[in-house]
Amino acid sequence: MIVGYRSTIITLSHPKLGNGKTISSNAIFRRSCRVRCSHSTPSSMNGFEDARDRIRESFGKVELSPSSYDTAWVAMVPSKHSLNEPCFPQCLDWIIENQREDGSWGLNPSHPLLLKDSLSSTLACLLALTKWRVGDEQIKRGLGFIETQSWAIDNKDQISPLGFEIIFPSMIKSAEKLNLNLAINKRDSTIKRALQNEFTRNIEYMSEGFGELCDWKEIIKLHQRQNGSLFDSPATTAAALIYHQHDKKCYEYLNSILQQHKNWVPTMYPTKIHSLLCLVDTLQNLGVHRHFKSEIKKALDEIYRLWQQKNEEIFSNVTHCAMAFRLLRISYYDVSSDELAEFVDEEHFFATSGKYTSHVEILELHKASQLAIDHEKDDILDKINNWTRTFMEQKLLNNGFIDRMSKKEVELALRNFYIISDLAENRRYIKSYEENNFKILKAAYRSPNINNKDLFIFSIRDFELCQAQHQEELQQLKRWFEDCRLDQLGLSEQFISASYLCAIPIVPGPELSDARLVYAKYVMLLTIVDDHFESFASTDECLNIIELVERWDDYASVGYKSERVKVLFSMFYKSIEEIATIAEIKQGRSVKNHLINLWLKVMKLMLMERVEWCSGKTIPRIEEYLYVSSITFGSRLIPLTTQYFIGIKISKDLLESDEIYGLCNFTGIVLRLLNDLQDSKREQKEGSINLVTLLMKSISEEEAIMKMKEILEMKRRELFKMVLVQKKGSQLPQLCKEIFWRTCKWAHFTYSQTDRYRFPEEMENHIDEVFYKPLNH
């Protein structure tokens with residue numbers, strides 16, 4: 001039967017479902033459906049549409065917030081004509097005009113955990129003002145801020161900008177040379193101590209902290225990019241001109257920024273690729289990406305074009321390279337993992353100057369490494385996965401991340417993406433989303449097109465519409481359940497919600513309501529049939545049911561062996577006829593015979609399992625077991641039937657193609673292996689046939705489980721590859737293939753929850769938060 005049913009049952013009370021109902025602990029789901037519901041008011045929908053339009057426009061905005069720190073370094077660059085004059089006086093004007101009320105400079109609005117960032121930015125601005133002897137009043141107020149907040153310099157709870165332990169002590173020394181009286185107690189924050197910090201192994205990125213100690217000519221020779229910058233960092237590039245004034249490309253780089261921003265610079269430039277990648281990723285994390293399909297496709301097309309050209313903005317930045325690979329591959333673009341080969345070796349990665357700057361690179365590399373689809377060609381990803389996982393797990397054990405936000409991101413990334421409930425994660429991401437959220441390099445920054453009120457409000461409203469749609473569809477299923485009197489066939493009302501929660505992640509989207517409902521109905525029907533063929537009905541009754549289905553149009557001449565068979569077949573006949581009628585309307589041709597044949601195949605194999613295997617009459621070969629048990633599991637019946645309701649006309653030849661057969665086969669084996677790995681102990685006690693017991697005839701139980709896990713991983717990858725890689729000459733629409741991968745993903749998530757939801761209240765909280773509780777709770 002379909003994966004996840006007849007498993008642990010727990011009580012779930014909720015006003016929407018009625019009190020005292022029960023639900024399968026494996027009926028987990030993810031967010032997917034979003035619609036305009038009938039009860040939405042015109043004014044609320046107008047605001048929804050307006051916000052969506054503004055978000056669409058944000059794809060054309062690629063700027064980051066101003067960086068006081070970087071702007072100060074640019075302001076310190078002397079003129080090419082006179083060392084006593086600033087080259088970029090407009091940056092000095094910006095510094096004078098943008099001091100905050102407390103005397104500091106930094107991200108605006110700031111954050112309580114960004115005091116180190118404010119101290120670093122403020123000191124840099126003071127150095128710039130003092131160097132050019134301007135802004136006496138601003139200098140006085142800035143010194144006051146540093147004096148009152150200097151306690152944060154060594155505070156471990158504060159988030160440190162990258163290179164803070166190198167750059168800040170260096171700026172203190174520069175202040176002393178300028179006779180700038182800083183009221184800071186002497187601390188042992190020396191450069192020597194800073195170099196022992198593993199987040200600053202690649203010191204060239206923060207070379208401004210070494211000043212005249214650097215061989216700037218050599219750094220420019222080794223690390224200057226095509227755009228003239230050093231590491232796309234305005235501050236480092238400016239430092240090169242302060243300490244080594246003879247590089248035209250560095251000047252041109254800084255001039256190009258100021259041509260766009262007039263009198264300030266961001267902490268990273270250029271920002272186009274960064275902004276597009278982060279925007280697409282954010283929309284997916286919020287679960288609202290379906291509203292922006294054309295904009296996302298255009299953005300990814302551009303990124304793919306640059307990927308093929310080996311664009312420097314992508315490949316010179318670890319985060320950009322890993323994110324681009326992940327977003328492109330998961331969106332069906334042909335990208336090779338060979339491009340990540342330089343990150344395979346951990347020691348080489350950390351030793352490569354300018355590559356590693358923070359945990360973000362490791363995090364993104366790990367997420368990219370989970371998208372392996374080929375055991376041989378993607379060994380690069382496997383190697384990256386191994387060392388990044390070990391690195392992050394060690395950091396968690398040692399509490400080695402700079403803030404709680406980073407720790408949460410790492411904990412989530414360590415869970416393989418295919419065992420995560422997207423719906424639950426969408427909710428978590430929305431709850432944690434802040435329009436004033438920030439990221440940090442050498443200075444904290446925001447992306448206005450990613451962190452804004454429109455996106456926040458739009459995501460909340462969209463989630464609420466999704467919840468309303470799901471609740472309405474659940475009521476439709478409840479009416480169908482009552483009309484068919486399924487309770488008389490041994491199916492409790494719990495399976496209304498359990499079956500529907502299974503359908504949501506597999507058939508997402510408001511326009512696929514019919515497909516989602518059919519999927520849920522089929523899960524219930526299959527559960528009933530499975531119960532009868534497994535235990536409720538006698539062998540003669542099972543044969544009677546099969547004959548009735550075989551003689552569908554003339555079933556009345558067959559007769560019923562029992563009242564049980566009559567009740568079951570009457571319900572079954574009515575349901576399949578209704579479903580076949582809707583399918584015929586959608587497909588423009590009759591598909592009833594195909595639906596009936598799919599059921600016949602399942603029933604005959606169920607009977608064979610009972611008569612031949614369960615009785616001990618025969619022991620199946622492993623290949624035979626996997627083939628039969630995956631079909632009786634519903635891995636073909638339900639996905640193939642669902643194809644008729646997704647809004648695409650599917651030909652008979654297409655549904656009988658080798659491609660569909662492969663998708664069904666891999667999906668079925670994955671579901672069966674997941675089930676057998678979880679239930680092996682119980683089924684061994686019951687004397688039931690299980691792949692573990694079959695393998696144990698020649699190897700130990702431990703070896704059998706290990707072999708099954710290897711097969712599972714191989715089949716999962718083969719299925720993933722069939723879905724992601726367009727087969728030459730394939731006519732199968734992408735949406736059709738996605739149903740199989742989503743089924744696999746849902747099964748992984750379901751079986752990963754066995755230990756997580758042992759107690760009823762845990763499952764109840766999970767379902768209530770995702771399905772019913774408003775986001776403002």
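Residue numbers count from 1 along this sequence.
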Open item on the list: If the condition is side-chain contact (heavy atoms from CB on, under 4.5 Å), which residues does D334 pass it with, not counting sequence neighbours?
Closed with: Y304

Open item on the list: For Y500 and E473: C-alpha separation, side-chain torsions, deciding distance, then whether side-chain hydrogen bond (donor to acceptor under 3.5 Å, both in side chains) applies.
Closed with: CA-CA 8 Å; Y500 179 63; E473 291 179 1; 2.5 Å; yes

Task: Set of side-chain contact (heavy atoms from CB on, under 4.5 Å) partners for M706, sequence neighbours left out - done: E710

TODO: Keeping to residues at least two apart or across chains, list the salt bridge (charged side-chain N to carboxylate O under 4.0 Å, His left out) pairs with something in residues 314-324.
DONE: none

TODO: Starting from the C-alpha separation in whole Å, work towards a yes-or-no answer on side-chain contact (heavy atoms from CB on, under 4.5 Å) for L286 and N426.
DONE: CA-CA 5 Å; L286 290 170; N426 291 157; over 6 Å; no

Open item on the list: Once rounded to the nearest 0.5 Å, what's the spacing between atom CG of L279 and atom CD1 of I450?
Closed with: 5.5 Å

- [ ] Take R672 and S629 through the side-chain hydrogen bond (donor to acceptor under 3.5 Å, both in side chains) test and state the conclusion after the steps.
- [x] CA-CA 7 Å; R672 172 48 61 188; S629 61; 3.2 Å; yes

Open item on the list: Just so I know, are the side chains of T743 and I638 near enough to count as touching, which here means a heavy-atom distance under 4.5 Å?
Closed with: no

- [ ] Using the test ring-ring contact (aromatic ring centres under 6.0 Å, His included), find all partners of H274 that sit at least two apart in sequence or belong to another chain.
- [x] H320, Y445

Open item on the list: Using the rule given for side-chain contact (heavy atoms from CB on, under 4.5 Å), can you reason through K383 versus S369, listing the C-alpha separation, both sets of side-chain angles and the distance that settles it, and then say yes or no?
Closed with: CA-CA 8 Å; K383 292 174 182 177; S369 73; over 6 Å; no

Open item on the list: R326: which residues meet the salt bridge (charged side-chain N to carboxylate O under 4.0 Å, His left out) condition with it, sequence neighbours left out?
Closed with: D281, E364

Open item on the list: Can you give me the closest heavy-atom contact between S275 and L64, atom names plus distance?
Closed with: OG-CD2, 4.2 Å

TODO: Answer with yes or no after comparing the ring centroid distance for F463 and F458 against a 6.0 Å cut-off, counting only values under it.
DONE: no

Task: Side-chain heavy-atom pair I669, L712 within 4.5 angstrom cut-off - done: no

TODO: Kindly give the heavy-atom pair with the smallest separation between R742 and P508, and that separation in Å.
DONE: NH1-CD, 3.1 Å

Open item on the list: If the test is ring-ring contact (aromatic ring centres under 6.0 Å, His included), which one of F343, W307, F325 qualifies with F315?
Closed with: W307

Task: Which residues share a salt bridge (charged side-chain N to carboxylate O under 4.0 Å, His left out) with D374, sequence neighbours left out - done: K721

Open item on the list: In the structure I gave you, are the side-chain heavy atoms of F740 and N665 within less than 4.5 Å of one another anywhere?
Closed with: no

Task: Residues that Y429 engages under ring-ring contact (aromatic ring centres under 6.0 Å, His included), provided they are two or more places apart - done: none

- [ ] Applying side-chain contact (heavy atoms from CB on, under 4.5 Å), name anything that partners K709, two or more places apart in sequence or on another chain.
- [x] L677, I705

TODO: With rounding to the nearest 0.5 Å, note down the distance linking CZ in F59 to CG in L276.
DONE: 8.0 Å

Task: Considering all heavy atoms, the nearest A322-A368 contact - done: O-CB, 3.7 Å

TODO: Of all the heavy-atom pairs spanning A372 and R716, show the shortest one and how long it is.
DONE: O-NH2, 4.5 Å

Open item on the list: Side chains of L637 and I631, heavy atoms from C-beta outward: is any pair under 4.5 Å?
Closed with: no

Open item on the list: Can you confirm whether S447 sits close enough to C278 that some side-chain heavy atom of one is under 4.5 Å from a side-chain heavy atom of the other?
Closed with: no

Open item on the list: According to side-chain contact (heavy atoms from CB on, under 4.5 Å), who are the partners of F456, at least two apart in sequence or on a separate chain?
Closed with: Y433, I460

Task: Which residues share a ring-ring contact (aromatic ring centres under 6.0 Å, His included) with F720, sequence neighbours left out - done: F417, W741

- [ ] Return the set of residues passing salt bridge (charged side-chain N to carboxylate O under 4.0 Å, His left out) with E425 (not counting sequence neighbours), or none when no residue passes.
- [x] R415, R428

Open item on the list: As an exercise, state the distance from CD1 of I380 to CG of N385, rounded to the nearest 0.5 Å.
Closed with: 13.5 Å

TODO: Would you check, one step at a time, whether the test side-chain contact (heavy atoms from CB on, under 4.5 Å) holds for E393 with L414?
DONE: CA-CA 8 Å; E393 287 175 343; L414 286 173; 3.9 Å; yes

Task: From CA spacing to verdict: side-chain contact (heavy atoms from CB on, under 4.5 Å), L340, I384 - done: CA-CA 9 Å; L340 301 179; I384 292 174; 3.9 Å; yes

Open item on the list: Between the side chains of R717 and D382, is the shortest nitrogen-to-carboxylate-oxygen separation below 4.0 Å, so that they form an ion pair?
Closed with: yes

Task: Side chain proximity check, K737 to M722, heavy atoms < 4.5 angstrom - done: no

Task: Distance-only donor-acceptor check, side chains E703 and S700, under 3.5 Å - done: yes

Task: For the student: nearest non-hydrogen atoms of D676 and L691, plus distance - done: OD2-N, 3.1 Å

- [ ] Side-chain contact test, heavy atoms from C-beta onward, threshold under 4.5 Å: evaluate it for K707 versus I711 and give yes or no.
- [x] yes

Task: L455 side, atom CG; S58 side, atom OG - distance, nearest 0.5 Å - done: 7.5 Å

- [ ] Apply side-chain hydrogen bond (donor to acceptor under 3.5 Å, both in side chains) to Q467 and Q471, showing your working.
- [x] CA-CA 6 Å; Q467 288 182 322; Q471 291 166 15; 5.4 Å; no

Open item on the list: Could you check whether any side-chain heavy atom of E409 comes within less than 4.5 Å of a side-chain heavy atom of L363, counting everything from C-beta outward?
Closed with: yes

Task: ring-ring contact (aromatic ring centres under 6.0 Å, His included) partners for H111, two or more places apart - done: F438

Task: Spatial distance of atom CD1 (I330) from atom CG (L300) [nearest 0.5 Å] - done: 11.5 Å

Task: Sidechain N-carboxylate O distance under 4.0 Å for D378, R329 - done: yes

